[in-house]
Amino acid sequence: MTDIPTRYDPRKIEEEIYASWSGENLFHADEKSPGKTYAIVIPPPNVTGILHMGHALNNTIQDVLIRWRRMQGFETLWMPGTDHAGIATQNVVERELGREGLHREDLGRDKFLEKVWKWKEDYGSTIIRQLKRLGCSCDWERARFTMDEGLSNAVKEVFARLYEDGLIYRGDYIINWCPRCGTALSDEEAEHHEVEGMLYYIKYPVKGRDRLDKENEDYIVVATTRPETMLGDVAVAVNPKDPRYSGLKGKTLILPIIKRELRIIFDGDVDPEFGTGALKVTPAHDPVDFELGARYGLPRVNVMYPDGRINPLGGDYEGMDRFECRETIIEDLKDRKLFVRAEKHVHAVGHCYRCHTVVEPRLSRQWFVKMKPLAEDAIRAVKEEKIRFYPDRWRKVYLDWMENIRDWCVSRQIWWGHRIPVWYCRDCLKYENVRDVEISGPGKPGIYVGKEPPGKCPACGGTDLEQDPDVLDTWFSSWLWPFSTMGWPEDTQELKTFYPTDALVTAQEIIFFWVARMIMAGLRFRGEIPFRDVYIHGTVRDSTGTKMSKSLGNVIDPLDIISEVGSDALRFSIISITSQGQDVFLSKEKFELGRNFANKLWNASRYVLMSLEGTDLSGGIDQARLSLEDRWILSCLNETAEKVTKSLEAYRFNDAASALYDFIWHKYCDWYLEISKLSGDKDTTGKVLVKVLKAALRLLHPFMPFITEEIWQKMPEKTSKWIMTAEWPAPGREELDKFADAASVRQMETLIGVISAARNVRSFWNVEHSAKVDLLLNAGGREDKKLIKENTRHIEQLARCEVKAVGEDVSRPGQSVSALVGNIKLFIPLGGTVDIEKERSRIDKKIADLQRYLGGIEKKLSNKSFLEKAPEDVVRKEEEKKRKFEEQIRNLRENLAAFE
RNA sequence: GGGCGAGUAACUCAGCUGGUUUAGAGUGCUACCCUUACAAGGUAGAAGUCACAGGUUCGAAUCCUGUCUCGCCCACCA
């Protein structure tokens, strides 16, 4: 046993253990197994991704849940996989091409997709490998990818069903457009950040009166943050109640530079308070203006190319980038004396969530899903608590979003993704470009929607068919994940066994993107909720509170941490510092908590194994031979098992972790191990040491899977070959209950109190470490006396003293100090070694503290209402407290007096 | 403009279904100790008017109202 190193080195051990679990096929979930099941699905990480701290937290939590349930005897499924991340992946591959001076158009669609697949084969499993390194016990045989055949089939099925149900349409709306990625984005994919921009005030002359030297009558001043969009202006809107503009009825304005005539419209939605109260209307470049345009039948003038440059409708500005155009227009307006002023203006600007380019609200023909009909059931499921959020506050966030849901723009102008399963017949439609086709619902001739190419047009029999060039939003496959991964639309055994799943663990950022949509999809297509519990963990931030992200360079790489302190330490640390739903602020030092704990456990186990030599562990534990500390530690174990189990049930992971930390470190190691060294009954002590350690290891296993397995393998008398599949120690099981003993807890607390008090005296009065002191104990109660007599050796050894006398008639010797523990009074003669003058101020301060507390209690007890209204036991406790304080004060005074 | 979260020891955070807590933990700090599991350790200790102001209550870190500071989310103020 001495060959076990004193320092725990996780590096080699962790990978070896993972390989052996894998070799034993312990991760596999059997869908045919009868009995209770527990299933979760991984929030699929992006194939281009590498493991970051958010993943580490997210997957540790899931692994804790699944390992715990597995040990509880559930048939557990943890379905892993990755998502194809259309835009992000395409960007990565395009960047590679760019290094060779190529564009995707140079390759063509098919060749480009080949490249992406190749890239995916080469690099797409990085994150899977990293999750394994973290210890995740996913059923890897079932790993899915959103572009797999099965999942793609589900995507097409869903698209076709939605189309048939009239929930899909294609039309012109303002969408969020990323000029860099060249594609539409959903509302959720445009991240709004507060930006300090400018609000520009510009004069729009009144037609026929374009002499600009007069006030008011000759022009209107409009305010805008995006002057370049004025190229697409078709009107100016004012509030009909705004007196400043009442004289403008029937007039026309002239758009500067372009010289287009602009209508003046009067609409109550215009806020007279903002800017000048006059709003320039650009229906093709702003959602509000689009609405106004639709209301008043205004033309839509789109002045930009997809890449954000100005198109020929922008006149002289054609070819300019939108921001360059902004500057230029301002300069030109200044030249023409049409520029009034610019003021700083903070507003929220949308940014592409993949490349952070400023998003352009832009008129575009896209595919949309009608969401309101889907949301109804999803709202009900949460209101009826079929699905619960942890913490509960997210329920409200979810419902707010769901109740105000807007249609979902699902088409993307990229190549990597699920191609929209729509074919157009040129003969029927007579469109030159299929992008021009508008579709408001099913039944339009020349449109075919289905899983496979139709071969010929079902309407006219023509063969000149073209598939829609766009692909679907990646989330259009992710929202099907809980059931598409289990073989839907087939009614597979997997679905029957594991759907609905039990818990979803994810971050708040993804509630709308993913959680909400999965609920809608599950209810719509499978007819059942996808999961019962949604646990929303916090966001991982750095120590300054900013979100960790690669671009900010503030990341702590989990793999660095793993290679420094091990996966167990990472897991335990991160679980310990994340209380339910609070954000996690990380710094490297925080991982020392887990590292030190692993080391402590390692060494304690090492000691236990060493101490076992020569002991006989055969046979069960004979209860009659249990000592006080044996009964105590077994009771504490029982209590800990209960606490850990309850905490996990309530998704209170840090509570579970801290219960284990406290039990293993401060009870088992600090007290039980130390006392066990003094045991006279080595066989019984050995049995208890092992029994408690084995149970503690199992309780800890979900949090620190590797080290617990490693130690387990060295343990004698195992009931299970692997700790990973060992039974969860819960009260009521494994005979923990019969050792629970409240009296032992009370007595042990007293004993610990006596030992600590004696140590405290030694330390307080600066007694030399090696010096032995005498100890006299005044104890009246029978139980106390018995306790001390039976444990004299423990007191003497652990407090480095010699017990000289015990009894109710023991009185204070001269030149001694004393301490109180319950009803026991300790006397320690210190002879002339004490410099009382030096200590007087410390004691005085202590007395003052105690008196402050005492004052509070006395005040309470003299309050008539308190005595009348407070429960009896509370009053009694207050009285006890009072007595205790009084006695402590008296005692300290006596200590002083003893040396006067 | 709405909504949410946070403000507790030097630092990072628990506790917040009101009284078993003289408000806890980890780190840091102080003193002593390499005591044959562990110095990534042991023993002991110092350290907090629980952001502020009111209110409810016999009793508030905990419940209510308001204020301030910070952070996040949502929203068509151009």
query = Who passes ring-ring contact (aromatic ring centres under 6.0 Å, His included) against A:H794, sequence neighbours left out?
reply = none
ask   = Between A:T6 and A:E589, which has a closest nucleotide on RNA chain B that is more 5'?
value = A:E589
ask   = Looking at NZ of A:K667 and OG1 of A:T640, how far apart are the two atoms once the value is rounded to the nearest 0.5 Å?
value = 6.5 Å
Output side-chain donor-acceptor pairs under 3.5 Å for residues 766-773 of chain A, partner residues at least two apart or in another chain, one line each.
none

ask   = Partners of A:K869 by side chain to side chain donor-acceptor pair (under 3.5 Å), sequence neighbours excluded?
value = none
request  = Using the P atom as the reference point in each nucleotide, state the distance between B:rC63 and B:rG45 in Å, no decimals.
outcome  = 32 Å
message = Counting the atoms with a prime plus P, OP1 and OP2 as sugar-phosphate, which does A:E291 contact under 4.0 Å by heavy atoms, base, sugar-phosphate, or nothing?
response = nothing
message = According to side chain to side chain donor-acceptor pair (under 3.5 Å), does anything in residues 571-583 of chain A pair up with another residue at least two apart or in another chain? List the pairs.
response = A:D63-A:R571, A:R541-A:D583
request  = Please confirm whether any donor atom in the side chain of A:R762 sits under 3.5 Å from an acceptor in the base of B:rA44, or the reverse.
outcome  = no
task = Report yes if some heavy atom in the side chain of A:F572 is under 4.5 Å from a heavy atom in the side chain of A:R595; otherwise report no.
result = no
Heteroatom pairs (N/O) under 3.5 angstrom, protein to nucleotides 18-22 of chain B:
from: B:rU20; atom 1: O4; to: A:K877; atom 2: NZ; distance (Å): 3.2
from: B:rU22; atom 1: OP2; to: A:K881; atom 2: NZ; distance (Å): 2.7
from: B:rU22; atom 1: O4; to: A:Q888; atom 2: NE2; distance (Å): 3.0

ask   = Given B:rA44, B:rU12, B:rA47, which nucleotide is nearest the side-chain atoms of A:K590?
value = B:rU12
task = Establish, yes or no, whether the cationic atom of A:R406 lies under 6.0 Å from the six-membered ring centre of A:W401 and within 45° of the ring axis.
result = no
request  = Specify whether A:F597 and A:Y661 have parallel, tilted or perpendicular ring planes, treating 30° as the upper limit for parallel and 60° as the lower limit for perpendicular.
outcome  = tilted
remark   = Sequence neighbours excluded, the answer for side chain to side chain donor-acceptor pair (under 3.5 Å) partners of A:N654 is none
query = What pair of heavy atoms forms the shortest contact from A:L798 to A:E674, and how long is it?
reply = CD2-CB, 4.2 Å
inquiry  = Taking B:rC64 as the reference, what is the distance to B:rA6 when you measure between their P atoms (whole Å, please)?
reply    = 12 Å
query = In whole Å, what separates the P atom of B:rA60 from that of B:rC50?
reply = 12 Å
task = Quick one: stems involving RNA chain B, counted as three or more successive Watson-Crick or G-U pairs, both distances short of 3.5 Å.
result = B:1-7 with B:68-74, B:10-13 with B:24-27, B:29-33 with B:41-45, B:51-55 with B:63-67
ask   = Is A:K600 near enough to B:rA39 that one of its side-chain N or O atoms lies under 4.0 angstrom from OP1 or OP2?
value = no
task = Enter the distance from A:L262:CG to A:I265:CD1 here, rounded to the nearest 0.5 Å.
result = 10.5 Å
inquiry  = Parallel, tilted or perpendicular, judged at 30° and 60°: which one describes the rings of A:Y390 and A:Y651?
reply    = tilted
query = Between residues 665-677 of chain A and RNA chain B, which residues have a heavy-atom gap below 4.0 Å?
reply = A:W665, A:H666, A:C669, A:D670, A:L673, A:E674, A:K677
key: Sugar-phosphate only, base, or nothing, as touched by A:R395 at under 4.0 Å among non-hydrogen atoms   = nothing
With sequence neighbours excluded, residues passing side chain to side chain donor-acceptor pair (under 3.5 Å) with A:D400 = none
key: Interatomic distance at P, B:rC73 relative to B:rC52, whole Å   = 29 Å
key: Residues forming a side chain to side chain donor-acceptor pair (under 3.5 Å) with A:Q851, sequence neighbours excluded   = none
query = With rounding to whole Å, what would you report as the distance between B:rC72 and B:rC32 at their C1' atoms?
reply = 47 Å
task = Encode nucleotides 73-78 of chain B as B, S and - characters from 5' to 3', where the letter depends on protein heavy atoms closer than 4.0 Å: B to the base, S only to sugar-phosphate, - to neither.
result = -SBBBB
inquiry  = Quick check on B:rG45: is either OP1 or OP2 less than 4.0 Å from any side-chain nitrogen or oxygen of A:N760?
reply    = yes
query = Relative to the 5' end of RNA chain B, which residue comes earlier, A:N603 or A:R7, by the nucleotide with the nearest heavy atom?
reply = A:N603
ask   = Going from CZ on A:R226 to OG1 on A:T282, what distance comes out if it is rounded to the nearest 0.5 angstrom?
value = 7.5 Å
task = Working to the nearest 0.5 Å, report the span between OG1 of A:T276 and OH of A:Y204.
result = 10.5 Å
task = For the residue pair A:D267 and A:Y296, confirm or rule out a side-chain donor-acceptor distance under 3.5 Å.
result = yes
request  = Determine the Euclidean distance between corresponding P atoms of B:rG66 and B:rG2; express it in Å to zero decimal places.
outcome  = 13 Å
With the criterion being N/O to N/O and under 3.5 Å, what pairs connect the protein with nucleotides 28-34 of chain B, and how long is each?
from: B:rC33; atom 1: O2'; to: A:H769; atom 2: NE2; distance (Å): 3.4

query = Heavy atoms under 4.0 Å, any strand shown: does A:S605 hit a base, just sugar-phosphate, or nothing?
reply = nothing
task = Just call it for A:R393: base, sugar-phosphate, or nothing, with non-hydrogen atoms closer than 4.0 Å on any strand.
result = sugar-phosphate
